[in-house]
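Take a look at the structure set out below.
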Amino acid sequence: MPETTPQDPVPLSESEIVASRRAKLKRFRDELGFDPYGSRADGLLSCAAARALFNEEAHVSYENAAKAAKTAGDAAAPIVDNRVRARIAGRIVQHRDMGKLVFLFVRDATGDIQVSVSKSAVKANEFELAKAADYGDILVFEGPVGRTQKGEICIWAAGVDLGVKSLAAPPEKWHGLSDPELRYRRRYVDMYANPETAKVFAMRARIVSRIRRFMDARGFLEVETPVLQPIAGGAAARPFTTHHNALDMPLFMRIAPELYLKRCLVGGMRKVYEINRNFRNEGIDRSHNPEFTAMEVYEAFGDYGTMMELTESLIHELAVEMVAERQAAGLRVDANGPVLPWGELQINYAKPFVRVKFEELFRRGVGCEMRDFAAVRAKAREIGLHHEAKLDDWLVVNEVFEELAEPLIDPCRPTFVTDYPSAVSPLTRPSKSDPAICERWDIFIGGMEVGPAYTELNDPDIQLAKFTEQLKGADDEESTFRTLDEDFVESLRVGMPPAGGLGIGIDRLVMLLTDSASIRDVILFPLLKSMGAGAANDGEQGAPAAEGKKA
RNA sequence: GAUUGCGUAGCUCAGUCGGUAGAGCAGCGGCCUUUUAAGCCGUAGGUCCUGGGUUCAAGUCCCAGCGCAAUCACCA
């Protein structure tokens, strides 16, 4: 490179690596006759499936026959080879060139398998390809499944082809990619460099499909409701705003599907659910991503009790299945039931889950009755809640509860906290026997709130009053996106049957079931700030990052 | 949004009190038909996140910015 222009931030050393890979690509194509961008390959097995084809008996009898043939020379009987043949494709993650024999480890999403390529067993160009292959290239191999002298299951290549030549500099092959930022930004590298990553997303897919099977088996209908909404309702979060050009209409990305799913009940669907993305314009941390997957469930003529049974059965069943998966993978499993590790914790998903009333937990954590507001306020001041005086009684109760009572919940046992004060759950139906509390629960697992459920409010007049009251309390910023959903109220006037409703944070549940510490470890492409100048490999003409955006 | 920590080769990481920029892997050249965390020998590779400042001298100290992480706030 004679000169590096400012628009070309690629460091010289990297161009050297890329240049050598480009030279190899040319050689593979021009000298060895392989298409560096590959073509269709039929009958491919996964690496895991190929490994499973190994048969010790066939391997031993082949080895013996080959040995005998060698000593007997020409007089030997023809060698019988009963080893099963397999064709696989994957990235080269290890490469040991022993001269006339090359050992490679090949990886796909199911795992690794060793391949050895002997100069005497393949065509000359195929051998050269295997010999010169780079870490990260995808190769296709075909041959019998046996093992090596060291006992490693191994495909003895009879054919080698190029799937695709990789031009990028690969990550370190023993440590992989460990910088979390690089793992998220270049997930496509993370997924093959760190097999654990690929496993988590395979588990996530199985969990979500099991949830669907569970819901379908119970007669729930899966529906899809709008993500683009003229009014962002159903939760108390800040929405993302957008705009439809042809209609010249402001729109919001939904913060919850709730109000549409309830309309489905009005329309006559008895049991509905939706698994889909919500978008909330709030902070980001270990358990929050701006877009996240939630399941919402509504059951006509159910209530928060039916939702509790459903939730408990669902999560229990998922945990049992995860335990079975871990057992199948050879991991140690707790003999005492469905116990899964989550970081330092061992979470026990045995039924029944813990159930505790808000009022009871409050009493235990705070040491006074929640309805004794004077005592509660005294406690609030004691723990340093200075703005206590400005808050309504029940809001103080709630804050004191979160501070002193929630920590009492055993993080190792899924726990339903039930019967919240009505005043802190404005859209929930008050209990018939005690209107100060309402029919709502939250489920906590591992110290995280995984989801709430309610006996839904279906009186249009009360709903309208509560909406209106909420709007009155909105500050300036809030009132720019909070609008009364009159059509929803109108739907309640048509008549929504009494119902139970449930929301479960799927990402958080997947975190718990896959022993992932951060929500970003269970979201393939979590939102990151965009990089300014000097962005890694993006080729972006990174404008000085400080410009614009920030306010 | 606040606080703290981190940012050095493609990757994983050292870098002492402020005094010539280091290692392993990947790459490149050579040897080898059974390797297993990376076979053996040799070789090359740098915007020390960016921009200022202090200093004879800054990867190192100071200020500002960018990014990531953790904790808190908001929220689920």
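Residue numbers begin at 1 in each chain, while the letters A, B, ... track the order of the sequences.
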Which whole-number value in Å describes the distance from I445(A) CD1 to A76(B) P? 18 Å
What's the closest nucleotide to the side chain of P171(A) if the choices are C11(B), A76(B), U12(B)? C11(B)
Point-to-point distance, once rounded to the nearest 0.5 Å, from CZ of R185(A) to CG of L528(A): 4.5 Å
Tell me whether W156(A) contacts the main-chain N or O of G146(A) through its side chain, where contact means a donor paired with an acceptor under 3.5 Å. no
Can you tell whether the side chains of E469(A) and K472(A) come within less than 4.0 Å, N to carboxylate O? no
Taking any strand in view, what nucleotide pairs with U4(B) in a Watson-Crick or G-U wobble way, both distances under 3.5 Å? A69(B)
Among A69(B), A76(B), U71(B), which is the nearest nucleotide to the side chain of Y184(A)? A69(B)
Identify which nucleotide among C68(B), U36(B), A76(B) has an atom closest to any side-chain atom of R520(A), counting heavy atoms from C-beta outward. C68(B)
Any strand, both distances under 3.5 Å, Watson-Crick or G-U wobble: U54(B) pairs with none
Between the CZ atom in R277(A) and the CD atom in E291(A), the distance rounded to the nearest 0.5 Å is 5.0 Å
Lys/Arg-Asp/Glu bridge criterion (N-O < 4.0 Å) met for K67(A), E63(A): no
My understanding is that a pair needs two contacts under 3.5 Å, Watson-Crick or G-U wobble. By that rule, which nucleotide pairs with C13(B)? G22(B)
Pairwise C1' distance, G65(B) and G7(B) [rounded to whole Å]: 14 Å
In whole angstrom, give me the gap between the P atoms of A23(B) and G5(B). 31 Å
Just compare U36(B), C11(B), C68(B) and give me whichever is closest to any side-chain atom of E152(A). U36(B)
Under 3.5 Å on both distances, the Watson-Crick or G-U partner of G46(B): none
Give the rounded distance in Å between these two atoms: CZ of F279(A) and C1' of A76(B). 15 Å
Quick note, W156(A) side chain, CB onward, closest among U12(B), A73(B), U34(B) is U34(B)
Among the candidates A73(B), G67(B), A26(B), find the nucleotide nearest to the side-chain atoms of D285(A). A73(B)
By nearest-nucleotide position on RNA chain B, the 5'-leaning member of G176(A) and E403(A) is G176(A)
Given side chains that start at C-beta, do those of K165(A) and R29(A) come closer than 4.5 Å, heavy atoms only? no
Any strand, both distances under 3.5 Å, Watson-Crick or G-U wobble: C31(B) pairs with G39(B)
Could you list the protein-to-nucleotides 27-33 of chain B atom pairs, N/O on both sides, closer than 3.5 Å?
from, atom 1, to, atom 2, distance (Å)
G27(B), O3', S20(A), OG, 3.1
C28(B), OP1, S20(A), OG, 3.4
C28(B), OP1, K24(A), NZ, 3.1
C32(B), N3, D97(A), O, 3.0
C32(B), N3, G99(A), N, 3.1
C32(B), N4, D97(A), O, 3.4
C32(B), N4, D97(A), OD1, 3.4
C32(B), N4, G99(A), N, 3.4
U33(B), OP1, K100(A), NZ, 3.3
U33(B), OP2, K100(A), N, 3.2
U33(B), N3, S118(A), OG, 3.3
U33(B), O4, S120(A), OG, 3.3

Integer-rounded Å distance: G7(B) C1' and K529(A) NZ: 15 Å
Can you tell me which nucleotide in C74(B), U36(B), A37(B) comes closest to the side chain of T148(A)? U36(B)
Can you give me the closest heavy-atom contact between N278(A) and A294(A), atom names plus distance? ND2-CB, 3.5 Å
